[in-house]
Amino acid sequence: MKFFIDTADLKQIKEANDLGILDGVTTNPSLMAKVGISGEEAVMQHYKTICDIVDGDISAEVVSTDFEGIIAEGKKLASIHPNIVVKVPMIQEGIKAIKWFTDNGIRTNCTLIFSAGQAILAAKAGATYVSPFIGRIDDSSWDGMELIAQISHIYQVQGFKTEILAASIRNALHIVKAAEAGADVCTCPLSSILGLLKHPLTDIGLAQFLEDAKKFA
Ligand code: E4P
């Protein structure tokens with residue numbers, strides 16, 4: 001399973017990249033706003049900076065909702081760097097645009113996926129990735145992991161090549177469960193990635209080893 005970091009915060013992106021296990025980055029307009037990036041020029045420059053830090057797929061989201069607008073924006077974003085993946089919302093115009101991008105060699109991430117039907121449609125249009133929003137599904141008392149498992153099963157049975165990118169991850173357990181359910185990629189906050197490190201027995205065991213090592217120093 002690939003690891004992406006889900007943020008536009010450069011400090012966190014660098015910290016995750018320094019771990020040596022990072023395969024890419026996802027952002028969205030809310031994450032951009034959170035770090036104070038707004039306006040086309042600033043957004044484009046920020047994506048360029050992220051591409052310079054991380055050697056992997058970088059999802060850059062369009063904010064247009066009509067076919068022509070999505071295509072124009074997506075072409076501009078894709079021209080920033082070969083690693084840019086154009087993130088397109090799961091709407092009727094979005095599906096049309098994903099098919100156009102597929103036919104024109106531009107990779108896409110279909111975002112805001114909340115059902116298997118949406119995931120089938122995105123795969124039919126040739127999306128490189130689909131992003132089911134696990135946390136937001138769980139927040140509304142449905143089971144996000146069940147959706148990952150269902151999409152994984154359908155893609156396997158049907159031979160779809162689209163990769164399942166588990167998004168809206170809230171904690172380390174989500175990462176483990178997404179891996180189990182068949183996600184190809186997990187995009188996570190830094191805190192959830194670092195959460196995978198934690199186990200009290202590791203800390204206790206290490207403290208003991210370091211204490212015992214002093215006896216022979
Ligand atoms: C990533 O591609 C999504 O935009 C993101 O994971 C959404 O996460 P949230 O539900 O925590 O906002």
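We count ligands from 1, going down the list as the structure has it; atoms in each ligand are counted the same way.
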Residues forming a side-chain hydrogen bond (donor to acceptor under 3.5 Å, both in side chains) with Q150, sequence neighbours excluded = none
For Q12, enumerate each residue passing the side-chain hydrogen bond (donor to acceptor under 3.5 Å, both in side chains) test, keeping only those at least two apart in sequence or located in another chain.
-> none
Charged N to carboxylate O under 4.0 angstrom, K34 versus D9?
-> no
Do side-chain atoms of T162 reach the backbone of A127 as a donor and acceptor pair under 3.5 angstrom?
-> yes
Electrostatic pair D212-K215, nearest N-O below 4.0 angstrom | yes
For ligand 1, which of its N or O atoms have a protein N or O partner closer than 3.5 Å, and how long is each gap?
| unit_1 | atom_1 | unit_2 | atom_2 | d |
| --- | --- | --- | --- | --- |
| ligand 1 | 2 (O) | K87 | NZ | 2.6 |
| ligand 1 | 4 (O) | N28 | ND2 | 2.7 |
| ligand 1 | 4 (O) | K87 | NZ | 3.2 |
| ligand 1 | 6 (O) | D6 | OD2 | 2.5 |
| ligand 1 | 6 (O) | S168 | N | 2.7 |
| ligand 1 | 10 (O) | R136 | NE | 2.7 |
| ligand 1 | 10 (O) | S168 | OG | 2.7 |
| ligand 1 | 10 (O) | R170 | NH1 | 3.3 |
| ligand 1 | 11 (O) | R170 | NH1 | 2.8 |
| ligand 1 | 12 (O) | R136 | NH2 | 2.7 |

Not counting sequence neighbours, list each pair that qualifies as a ring pair (Phe, Tyr, Trp, His ring centres under 6.0 Å) and has a residue in residues 149-170.
-> Y155-F160
